[in-house]
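These numbers were taken from a predicted model, which means no experiment stands behind them.
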Amino acid sequence: MWFRRDENDVVVDEISPTFLNVLSQLDQDAMLVAPGEVVRFATDGVETLNLLRDGRITSPELVALIRVVRRTHQRHIGKIEIPRGPIGEGLRELTVRAIYLEDVDNIVVLLSDESEAERVHEVRRDFVANISHELKTPIGALSLLSEAVLSAADDPTSVVKFATRMQLEAKRLTDLVQEIINLSRLQDSDPLQVATENNVADLINEAIDLVKTTSEAKGISVAAGDIPAVVVLGDSEQLIMAIHNLLENAINYSPENTKVSVSSNVSDGIVEIVVADQGIGIPEEAQDRIFERFYRVDPARSRETGGTGLGLSIVKHVASNHGGEVKVWSSPNVGSSFALRLPIYTPNGGITQ
Ligand code: ADP
């Protein structure tokens with residue numbers, strides 16, 4: 001909290017401390033501005049926003065808005081843009097509510113940062129646009145294939161060929177819809193609120209069981225090393241889904257007859273579950289982007305493997321919902337390792353901080 005108090009400062013004294021206390025408890029940042037646009041009080045956030053220097057407001061836009069209120073004695077709501085930092089072009093958009101307090105001739109300024117809300121809104125909008133695009137591909141294929149079946153009605157070989165491809169596209173559609181459901185459930189849920197204790201070894205073994213058929217079909221052995229007996233708190237279904245996604249990718253992006261390993265180690269209250277493969281690897285410049293929804297390094301290959309482009313963003317969500325993170329190390333044509341890092345739970349001590 002920022003407070004200006006000097007000998008001539010009678011203004012704050014006339015304002016009840018309770019009022020200032022209320023201002024400092026708000027979720028929003030707030031300032032109390034005396035005549036001459038001198039700031040008498042400001043919450044910490046106002047300084048973080050770089051809006052103050054020596055008790056003066058640095059944003060001309062904000063000063064102009066306050067002057068309107070001082071002139072009209074009317075409440076005023078407006079938007080201002082301020083730079084995010086000393087360099088770069090990033091802007092922060094703030095909604096400002098300025099209220100005139102007649103008794104003390106001061107103005108209360110309430111500030112709320114809409115940039116974050118706007119960013120979330122943009123992510124949602126992009127997601128919906130991407131989903132529509134992703135759904136159109138298999139639906140379009142199904143429509144074309146059904147026409148092909150109809151026109152090849154007299155040719156049983158072609159009918160079998162097209163119908164088989166229809167099955168594949170239908171499966172792709174089902175997988176996509178299922179993953180979209182998984183992802184939106186993850187975005188809304190807090191697994192730590194309805195958490196159970198989960199043995200890491202059990203989670204790993206269940207996830208390995210789920211990929212048995214696909215790994216065997218490619219001659220890929222999936223081996224788990226020694227798993228330490230540790231427990232993590234959370235939603236077992238989500239945790240298994242995350243490890244399963246990492247294993248599925250390891251198999252999908254590896255040549256036949258290679259090895260996938262799952263190992264686990266513990267340090268500083270964190271358990272790290274590492275899925276390593278000897279596959280095609282990921283170019284360095286793509287390693288940051290693979291956790292984005294619908295991002296694929298090679299869209300054609302991903303289509304071949306039936307990938308939805310959502311697997312890793314699901315892993316990332318599961319990790320962060322559980323207070324953890326996911327990391328990648330990869331080298332093209334050598335292989336990739338993904339580490340799911342989660343806080344260890346100790347029944348008496350809770351989650352180790
Ligand atoms: P997808 O359903 O396409 O596999 P993911 O979100 O799971 O989507 O992964 C995003 C992209 O990251 C994949 O399309 C692939 O290009 C790359 N990728 C993920 N895991 C691996 C891996 N183990 N080896 C190589 N590339 C991988």
Might you confirm whether atom [atom1] of [X] has over 12 heavy atoms from other residues, nucleotides or ligands at distances under 6.0 Å?
X    : atom1 : result
K79  : NZ    : yes
R165 : CZ    : no
K161 : NZ    : no
E237 : CD    : no

Distance-only, no hydrogens or angles: does the [X] side chain make a donor-acceptor pair with backbone N or O of [Y] under 3.5 Å?
X    : Y    : value
D54  : R56  : no
R70  : E37  : no
S331 : V334 : no
N199 : D202 : no
T72  : V68  : yes
N245 : G311 : yes
N198 : T196 : yes

Let me confirm one number: the [atom1]-[atom2] distance from [X] to [Y], rounded to the nearest 0.5 Å.
X    : Y    : atom1 : atom2 : result
D44  : L49  : CG    : CG    : 11.0 Å
D209 : I204 : CG    : CD1   : 12.5 Å
F19  : S24  : CZ    : OG    : 10.5 Å
I344 : L233 : CD1   : CG    : 12.5 Å
S313 : L183 : OG    : CG    : 5.0 Å
D277 : Y253 : CG    : OH    : 11.0 Å

Would you check, one step at a time, whether the test side chain to side chain contact (heavy atoms under 4.5 Å, CB included) holds for V266 with E272? CA-CA 6 Å; V266 165; E272 194 170 67; over 6 Å; no
So which atom in [X] and which in [Y] form the shortest heavy-atom distance, rounded to 0.1 Å?
X    : Y    : result
V69  : A98  : CG2-CB, 3.6 Å
A224 : I208 : CB-CD1, 3.8 Å
H322 : P343 : O-CD, 3.4 Å
S254 : I220 : CB-CD1, 4.0 Å
S158 : A152 : CB-CB, 3.8 Å
E81  : E61  : O-OE1, 3.1 Å

[X] with [Y], same ILVMFWY side-chain cluster at under 4.5 Å:
X    : Y    : answer
I82  : V46  : yes
I77  : V108 : no
V39  : I107 : yes
F338 : I280 : no
V159 : L142 : yes

Heavy-atom side-chain contact between [X] and [Y] under 4.5 Å:
X    : Y    : answer
V271 : R341 : no
M166 : E169 : no
V328 : S337 : no
L150 : E147 : no
F41  : L23  : yes
E325 : I270 : no
P35  : N106 : yes
S330 : Q287 : yes

Strictly by modelled atom types, are [X] and [Y] linked by a side-chain donor-acceptor pair under 3.5 Å?
X    : Y    : answer
E134 : N130 : no
D105 : Y100 : yes
D175 : T308 : no

Test Q25 against every option in V22, N21, D27 by the side chain to side chain contact (heavy atoms under 4.5 Å, CB included) rule and name the one that passes. N21
Full working for side chain to side chain contact (heavy atoms under 4.5 Å, CB included) between E93 and D113: CA-CA 6 Å; E93 187 174 282; D113 186 350; 5.7 Å; no
Go through the steps to decide whether V200 and S264 satisfy the test side chain to side chain contact (heavy atoms under 4.5 Å, CB included), and finish with yes or no. CA-CA 9 Å; V200 168; S264 174; 4.2 Å; yes
Start with the C-alpha distance between L51 and L111, add both sets of side-chain angles, then the distance that settles side chain to side chain contact (heavy atoms under 4.5 Å, CB included), and finish with yes or no. CA-CA 11 Å; L51 272 175; L111 300 158; 3.7 Å; yes
